[in-house]
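Down below is the structure, laid out as structure tokens.
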Amino acid sequence: MGMNGEVRTRFAPSPTGFMHLGGLRTALYNYLFARKMGGKFILRIEDTDQERYVEGATEVIYDTLRGCGMQWDEGPDVGGPVGPYIQSERKDMYLPYAKQLVKTGHAYYCFCTECELRQRREAAEKRGEVFKYDKHCLSLTPEEVQAKLDAGTPYVIRQNAPTEGTTSYHDLVYGDMTFPNDTLDDMVLIKADGMPTYNFANVIDDHLMGITHVMRGAEYLSSTPKYNLLYEAFGWEVPQYVHLPSVMRDSHHKLSKRDGDAYYSDYVEKGYLTEALINYLALVGWNPGDDREFFTMDELVDVFDVARLNKAPGIFDVDKLTWFNAEYIRRMDFDRYLAMVTPWFDRVLAGKGIDYTRLAQLMQERTEVFNRVPDMVAFLGKLPEYDVDLYTHKKMKTNPEVATTALELCLPVLENIPEDAWSEANLHDRLMEKIQESGMKNGQVLWPLRIAISGQASTPGGAMEIAYLLGKDETLRRIREGMKLLESAREA
RNA sequence: GGCCCCGUGGUCAAGUGGCCUAAGACACCGCCCUUUCACGGCGGCUACUCGGGUUCGAAUCCCGACGGGGUCACCA
């Protein structure tokens, strides 16, 4: 707990230009926990790697988090009492701490060059050994160090990790963890360019920012002992740790950039809803303990409990996400759906004069992901080429002959409906009257009709709806075309 | 390879020694509804990785094996 017992969590992404779903989930849990505990959620940008700097990347982080409904209490753009919240702007704060560690023997200057280290590492690998920095520069006398410093020799500062004994800590998810110290490497704290490494900045900042609970990916499980050694060297209180199981693509791979399935933006572009994504993501690695599956952000805050976090990695199941998405779409206000689906309609129906409102009514419960909409409605804009076989449907008891009869039956009925009376109700009543009187079954007439005007086996809505959407001229045109197709098939 | 973690159906998962001849959801399959599809309703399929213990009793505790993941950077 912080000084006044307040919980403080942080999300500390590096600005790469994209928001990884695993990272988003980490942010979500940090946010939920802070809100749940009535604490503070802090955003910190970790941009100590200058080579990886990407223009506009921080905005992507802001937009994604805000878009998902996770507003931070302290951060680069909103300020706060322990700023700045961008590590590059804190650059000068770290070196003094590193020097303090050097003074107390917990760290030391190292003048080995990257090139030398690489060679030693490769040599070790060739021998089948694990490379570990051999504390070579630790044996330099204070005079030797000073001389090199005075000469302007490039240096880094390394942690002086113990080589014997063990280091333990308690994790709120994984329980008690113990690591042999001889597996700990002397990690670099300050890089040759004067910037702190993530490993160092993270500890300093978490302490200075009063972070009480560090929630991050399980990949940090084994580097945590080194961080704790740092806290102890400074005499600082170690935060609570909450390591999160990874989000996988399948049992062997994490969600990856290469497959185009790792980033928040990938899903938004495909037409997934933010609410669905957040709702689903919350459930990969955590569950409320009962059967509830649908949660708003506020409800999530209400039920979230660190004790219910899972340890095993979770596979990100796009099918389940898609189901959530479809459910959210079905439940959304019609006006919002219409506004969202319109651009997708436009891709294939722009300028065709289709009644979007009616189409949207038909489509809302059939939409799973917006990017599947164009293919579903394209037939309204242009009759697809189709095979006569489509007229044959066993259950509907139709075949080309029945279909021909059916279309011949429908054509005059539809021709007789005036343009200004071309409504679904009218279409329905006139057609049904005729079908009754013919003695044919509904399906025997309606199936061929729908095939003729849509050219495909499955459509959003039935024959009446489609005929209405198409309008009189286009409907009649398509029926005549269908009759022609049937005729040429008969001749062949 | 060293160290660490994990292991219930295809996937997410409930389960904290007896209520488990193991819930729920997604996916899949079948039936019903129906002018197609979708929605909806009903039903079905499929799991405690394996082997030893401990115990009257184990998915639950212990040990081992196997499998999977993570980590071993002047990246974060």
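As the structure is a prediction and not an experimental result, all values here were calculated from the model. All chains are named by letter (A, B, ...) in the order of the sequence lines, taking the proteins before the strands, and each is independently numbered beginning at 1.
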Just compare [options] and give me whichever is closest to any side-chain atom of [X].
{"X": "A:Lys320", "options": "B:rC26, B:rC3, B:rC6", "value": "B:rC26"}
{"X": "A:Thr197", "options": "B:rC4, B:rA76, B:rA27", "value": "B:rA76"}
{"X": "A:Glu219", "options": "B:rU71, B:rC37, B:rG1", "value": "B:rU71"}
{"X": "A:Trp323", "options": "B:rC12, B:rC26, B:rG70", "value": "B:rC26"}
{"X": "A:Asn199", "options": "B:rA27, B:rA76, B:rC4", "value": "B:rA76"}

Closest-nucleotide mapping onto RNA chain B: is A:Gly289 or A:Pro460 further toward the 5' terminus? I mean the 5' end. A:Gly289
If you assign A:Met464 and A:Leu221 each to the RNA chain B nucleotide with the nearest heavy atom, which residue ends up on the more 5' nucleotide? A:Leu221
Taking the [atom1] atom in each of [N] and [M], what is the distance between them to the nearest angstrom?
{"N": "B:rG51", "M": "B:rC56", "atom1": "C1'", "result": "23 Å"}
{"N": "B:rG7", "M": "B:rC48", "atom1": "P", "result": "16 Å"}
{"N": "B:rC42", "M": "B:rU60", "atom1": "P", "result": "34 Å"}
{"N": "B:rC50", "M": "B:rG9", "atom1": "P", "result": "10 Å"}
{"N": "B:rA23", "M": "B:rA59", "atom1": "C1'", "result": "14 Å"}
{"N": "B:rG2", "M": "B:rU16", "atom1": "P", "result": "36 Å"}
{"N": "B:rU35", "M": "B:rC26", "atom1": "P", "result": "27 Å"}
{"N": "B:rU54", "M": "B:rG70", "atom1": "P", "result": "37 Å"}

Please classify the nucleic acid contact of [X] as base, sugar-phosphate, or nothing, using heavy-atom distances under 4.0 Å.
{"X": "A:Arg308", "value": "sugar-phosphate"}
{"X": "A:Val188", "value": "sugar-phosphate"}
{"X": "A:Gly285", "value": "sugar-phosphate"}
{"X": "A:Cys115", "value": "nothing"}
{"X": "A:Ser251", "value": "sugar-phosphate"}
{"X": "A:Glu46", "value": "sugar-phosphate"}
{"X": "A:Thr113", "value": "base"}
{"X": "A:Glu365", "value": "base"}
{"X": "A:Arg118", "value": "nothing"}
{"X": "A:Thr16", "value": "nothing"}
{"X": "A:Lys397", "value": "nothing"}

Side-chain ion pair, [X] and [Y], N-O less than 4.0 Å:
{"X": "A:Asp205", "Y": "A:Arg10", "answer": "no"}
{"X": "A:Arg216", "Y": "A:Glu46", "answer": "no"}
{"X": "A:Arg292", "Y": "A:Asp290", "answer": "yes"}
{"X": "A:Lys320", "Y": "A:Glu293", "answer": "yes"}

Short side-chain N/O contact to [N] OP1/OP2 from [X], under 4.0 Å:
{"X": "A:Asn287", "N": "B:rA25", "result": "no"}
{"X": "A:Arg366", "N": "B:rC39", "result": "no"}
{"X": "A:Thr183", "N": "B:rU71", "result": "no"}

Consider only side-chain N and O atoms of A:Tyr272 and A:Thr322, and report whether a donor and an acceptor are under 3.5 Å apart. yes
Identity of whatever pairs with [N] - Watson-Crick or G-U, under 3.5 angstrom:
{"N": "B:rC50", "answer": "B:rG64"}
{"N": "B:rG2", "answer": "B:rU71"}
{"N": "B:rC42", "answer": "B:rG30"}

Side-chain donor/acceptor of A:Lys395 to base of B:rU34, under 3.5 Å: yes
What about A:Arg450, does its side chain sit under 3.5 Å from the base of B:rU35 through a donor-acceptor pair? no
Ring centroids only, cut at 6.0 angstrom: are A:Trp323 and A:Phe294 within range, meaning strictly under it? yes
Checking salt bridge (Lys or Arg N to Asp or Glu O under 4.0 Å) for the pair A:Arg478/A:Glu474: CA distance, chi angles, key distance, verdict? CA-CA 6 Å; A:Arg478 291 185 179 195; A:Glu474 182 64 10; 2.7 Å; yes
